[in-house]
Amino acid sequence: MKFPTQKLLTLLALTACIGAGLSACAPIIVGGAVIGSLMATDRRTTGTQVEDEGIELRSGSRIRDNPGERVHVNVTSYNRQVLLTGEAPTAQDRQLVEQVVSKVGNVRAIVNEIAILGITTLTQRANDAYITGKVKAGMVDTKDLFANAFKVVTERSTVYLMGRVTQREANRATDIARSTDGVQKVVRMLDIISEEELHELLPKPAPVEGKK
């Protein structure tokens, strides 16, 4: 799936700005969402959004304290479910990161995808960011999908999808990610809701003036 360079750069810049506004790095924390032509309010409650941001910030701070620079860990929280990605030199460090994050308040579940590998290079991370931008661009271009209903995280060319979505949306987003150049694998960490629940979550149209 290919996109015009200017459009993709714009999307990547927007993603970076949103992510920077939401969280600090631990050493890198991926968060935020693309706002596309099809906009929807975040499907989490305002309180849950604040909790997720706090989980990312507190987790990042604790990881920087211990195990610190031995690891490269990305922390992404959606609906209080935490995804850990990145690299650690040993299985002990991998487990230590999970233990540290498990002690952060409001965490309901942890998915530990940290690989026991050497820390990735900046070039590899830039490629992952580029893939994330392409996947989000594909979602924005899709007429039957709300792009900002998803969080997209890419680690070593594996794409992780997070969000509160219907089965239809989950399948559509998975197809988009799988067809994106450079993606090797897609992992879904999605909370599936019904079409009726989605209808209740969508913004209601503003009342027309003069009509009751």
Side-chain angles (χ1 to χ4, degrees), residues 14-35 39-88 91-115 128-129 132 136 139 146-155 158-167 169-170 173 186-194 197-198 200-203:
L14 178 58
T15 303
C17 289
I18 295 172
L22 286 175
S23 57
C25 293
I28 295 176
I29 295 177
V30 180
V34 168
I35 302 174
M39 292 180 62
T41 57
D42 196 303
R43 294 177 185 175
R44 297 168 293 175
T45 65
T46 301
T48 301
Q49 292 178 55
V50 172
E51 287 179 345
D52 283 332
E53 182 178 349
I55 287 169
E56 291 181 351
L57 290 170
R58 292 193 299 275
S59 297
S61 176
R62 295 185 186 191
I63 292 169
R64 282 193 295 273
D65 289 339
N66 187 28
E69 295 183 358
R70 294 201 306 273
V71 301
H72 159 243
V73 176
N74 304 317
V75 181
T76 309
S77 181
Y78 188 94
N79 209 22
R80 298 185 293 112
Q81 179 177 227
V82 176
L83 169 65
L84 301 176
T85 58
E87 303 81 38
Q92 289 77 14
D93 281 326
R94 181 181 188 272
Q95 187 61 33
L96 175 59
V97 171
E98 182 174 338
Q99 291 174 350
V100 166
V101 175
S102 70
K103 295 177 182 178
V104 174
N106 296 320
V107 172
R108 68 177 175 89
I110 297 174
V111 177
N112 190 344
E113 291 285 295
I114 299 171
D128 285 338
T132 294
K136 289 182 175 180
M139 292 181 178
F146 293 102
N148 67 325
F150 293 87
K151 270 192 175 183
V152 181
V153 178
T154 306
E155 192 73 54
T158 294
V159 171
Y160 298 85
L161 299 177
M162 306 176 77
R164 293 187 68 209
V165 299
T166 65
Q167 190 64 59
E169 291 175 313
V186 178
V187 177
R188 307 201 309 188
M189 295 176 53
L190 300 167
D191 294 332
I192 301 299
I193 61 176
S194 67
E197 287 175 300
L198 173 59
E200 292 300 317
L201 289 170
L202 292 177

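In this chain, numbering begins with 1 at the start of the sequence shown.
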Any donor-acceptor pair under 3.5 Å from R58 side chain to G105 backbone: yes
Shortest non-hydrogen pair, K103 vs R62, comes out as O-NH1, 3.3 Å
Is there a donor-acceptor contact under 3.5 Å from the side chain of R94 to the main chain of I114? yes
Rounded to the nearest 0.5 angstrom, the CZ-OG distance for R64 and S59 is 10.5 Å
Pair T154, D128: side-chain N/O donor-acceptor within cut-off below 3.5 Å: no
Between V165 and A149, the two heavy atoms sitting closest are CG1-O, 4.0 Å
Measuring from M139:CE to F150:CZ, what's the distance to the nearest 0.5 Å? 5.0 Å
If you round to the nearest 0.5 Å, how far is CD1 of I63 from CZ of R70? 12.0 Å
Rounded to the nearest 0.5 Å, what separates atom CD1 in I55 from atom CG in N79? 9.5 Å
Could you walk me through whether D52 and R164 pass the salt bridge (charged side-chain N to carboxylate O under 4.0 Å, His left out) check? CA-CA 14 Å; D52 283 332; R164 293 187 68 209; over 6 Å; no
Whether R44 side chain and R80 backbone form a donor-acceptor pair below 3.5 Å: no
To the nearest 0.5 Å, what is the distance between CZ (F146) and CG (L198)? 6.5 Å
Would V71 and L96 count as a side-chain contact (heavy atoms from CB on, under 4.5 Å) here? Give the steps. CA-CA 10 Å; V71 301; L96 175 59; over 6 Å; no
Here's a test for you: under side chain to side chain contact (heavy atoms under 4.5 Å, CB included), which of N112, I110, L84, N66 qualifies with V97? L84
Of L83, V75, L161, T132, which is the lone residue that meets side chain to side chain contact (heavy atoms under 4.5 Å, CB included) with V153? L83
Just by modelled atom types, is the S77 backbone N or O under 3.5 Å from a matching donor or acceptor in the K151 side chain? yes
What are the two closest heavy atoms between M162 and Q81, and how far apart are they? CE-O, 3.6 Å
How long is the straight-line distance from OG1 of T48 back to CZ of R43, given to the nearest 0.5 Å? 15.0 Å
Write down the atom of L190, the atom of A170, and the distance for their closest heavy-atom approach. CD1-CB, 3.6 Å
